[in-house]
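Some notes on the structure that comes next.
Hydrogens, waters and symmetry mates are skipped; everything else that's a heavy atom, side chains included, is used. Just so we're clear, the structure is a prediction, and the values are computed from it rather than from any experiment. Reminder, nothing fancy here: chain letters follow the sequence lines and each chain counts from 1.
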Number of protein chains: 2
Amino acid sequence: MPEKNHKHITCQNCVSREKSLFDTFCTTDVGRLNKIKSCSYFKKNQPLFIEGSLPRGVYCLNQGKVKIFARGEEGKEQIIHLASSGEIVGFRVMFSGETYKVSATTLEESNICFISKNDFLDLVDTNPTLRKGIMQELSRELAERATFITNLAQKSVRERLASALVLLDDIYENEMVNLTREDLANFIGTATETLIRLLKDFKEENLVKTHARQIEILDRERLLYIAGA
Amino acid sequence: MPEKNHKHITCQNCVSREKSLFDTFCTTDVGRLNKIKSCSYFKKNQPLFIEGSLPRGVYCLNQGKVKIFARGEEGKEQIIHLASSGEIVGFRVMFSGETYKVSATTLEESNICFISKNDFLDLVDTNPTLRKGIMQELSRELAERATFITNLAQKSVRERLASALVLLDDIYENEMVNLTREDLANFIGTATETLIRLLKDFKEENLVKTHARQIEILDRERLLYIAGA
DNA sequence: ACCTAAACATGATTTTTATCAACTTATATG
DNA sequence: CATATAAGTTGATAAAAATCATGTTTAGGT
């Protein structure tokens, strides 16, 4: 958990960097990165950026979780991706002159570093390894979204919920899954009421246990099985 | 329409190249491209590559259309993208050492050029403009898939069908839309029977007209309106 | 031009999921 | 610590879409 308000992070000993696209940086580049980045404390439900606005740079998650979402015609959120520490958010749009096509908002209090567009593009231009990493990451996410689309089109809500809970179990590592029912519904693509009913079924089947908002995963194996079916 | 069997294409005067990622190539690079590429004739329903196999290079569509699809647990196809002339297919996976996560199959007889992985990566390494174009393209597709996900999750099948028909009207340019009902159903993410019934509704509302398999778009404006609602 | 398999179409029915309304429980803030 | 407000829950009902069965048409191969 992040400290009260602003906490300064040094790239040199940032554990989140080690699982990020900056993991292969040499000492010089890490030093450079440390100079150009700025750290900020974000409180819960604070937006990083909003669909339609112009990007100023990228966000590197040190601590915390961020939801990336689009809005449908009636303004309903569709969560496309959940980012956690080590992820760099908002770099896709750095390569075109376009506005954000999605929005990003923190799900909990977070420490997030910011790198301006110019500085980031300089890094990419001068570092072929980073460039390669970015291309790989873009490709990986494209494949991930193909699976997302297929699941949404072909799986039942029950199957998608099981699948999402396993994914969330990974994202929340040692903690319990802590999303509002609405966010969870907007992630699996269903109505909040439907989600709640299915979650109740899962509770009765001893697959999960709820502690108010928090969801404890009890039987990951069986959830995986349900997701697969 | 492509000629019977093999047709040799010269990159220098290829009109498809002009709307491709290779559009900004200088004379030297076009000559280079022309030397490294090989042309093939593909008949209808011929696979370019299959999910799980190892990529050997990229495919540049001169003439014809290709469906990119994933398969769900029960083997059902989910069409993720429809590619037409000028598109370069299969380059996402060039940057990782991974296998294809999707499959690609022609929808009609096509003329398609092939560039080997090494040759393609050389091009990318030595041409910063191409590199930038690829990154932009990857980002654009990522945004496109976010919209795809949102539509799938929030719109009714009727809305998605209207939306898909408008998109297909663009892809098929002057021709009529020519996809099997099953492919169309697998694109909008519904059962074939449901699609047929909705198409019937659209016919009765004078939005489209069918000529056996072919679909003629009569009222694009109204379809767009239905898609939006 | 024929013929056969695949594609298309329609009806009946069931299942899944959304919607609406009402009520209860948390949670954040003064 | 009270309390207002947002989040969560439940039930009844409607709507949307899938499934199954069966018949018809179309298109590709010889």
Could you write nucleotides 15-23 of chain C as a row of B, S and -, 5' to 3', where a protein heavy atom under 4.0 Å of any base atom gives B, of only sugar-phosphate atoms gives S, and otherwise -? --SBBB---
Can you check the E182(B) CD to dA5(C) P distance for me, whole Å? 18 Å
Geometric cation-pi criterion, R160(A) with F187(A): 6.0 Å, 45°: no
Taking C-beta and beyond as the side chain, do I112(B) and S40(B) meet within less than 4.5 Å on heavy atoms? no
E141(B)/R145(A) ion pair, N-O < 4.0 Å: no
How long is the line joining CD of Q214(A) and C1' of dT27(C), in whole Å? 13 Å
How many whole angstroms separate atom NE2 of H211(B) from atom P of dA9(C)? 13 Å
Side-chain heavy-atom pair L207(A), I226(A) within 4.5 angstrom cut-off: yes
With R92(B) as the cation and Y100(B) as the aromatic partner, state whether NZ or CZ is under 6.0 Å from the six-membered ring centre and within 45° of the axis. no
For Y172(A), is the NZ or CZ atom of K65(A) found under 6.0 angstrom from the centre of its six-membered ring and inside 45 degrees of the ring axis? yes
Take the protein atom NZ of K43(A) and the nucleotide atom C1' of dA28(C), then report the distance between them rounded to whole Å. 13 Å
Calculate the interatomic distance between I196(A) atom CD1 and dA26(C) atom P; express it in whole Å. 13 Å
Chain A reaches DNA chain D, atoms under 4.0 Å from its heavy atoms, from dA7(D) to dA12(D)
Taking the cut-offs as 6.0 angstrom to the six-membered ring centre and 45 degrees off its axis, would you call K67(B) and F69(B) a cation-pi pair? yes
Does atom CG of L167(A) have more than 12 heavy-atom neighbours, drawn from other residues, nucleotides or ligands, at distances under 6.0 Å? yes
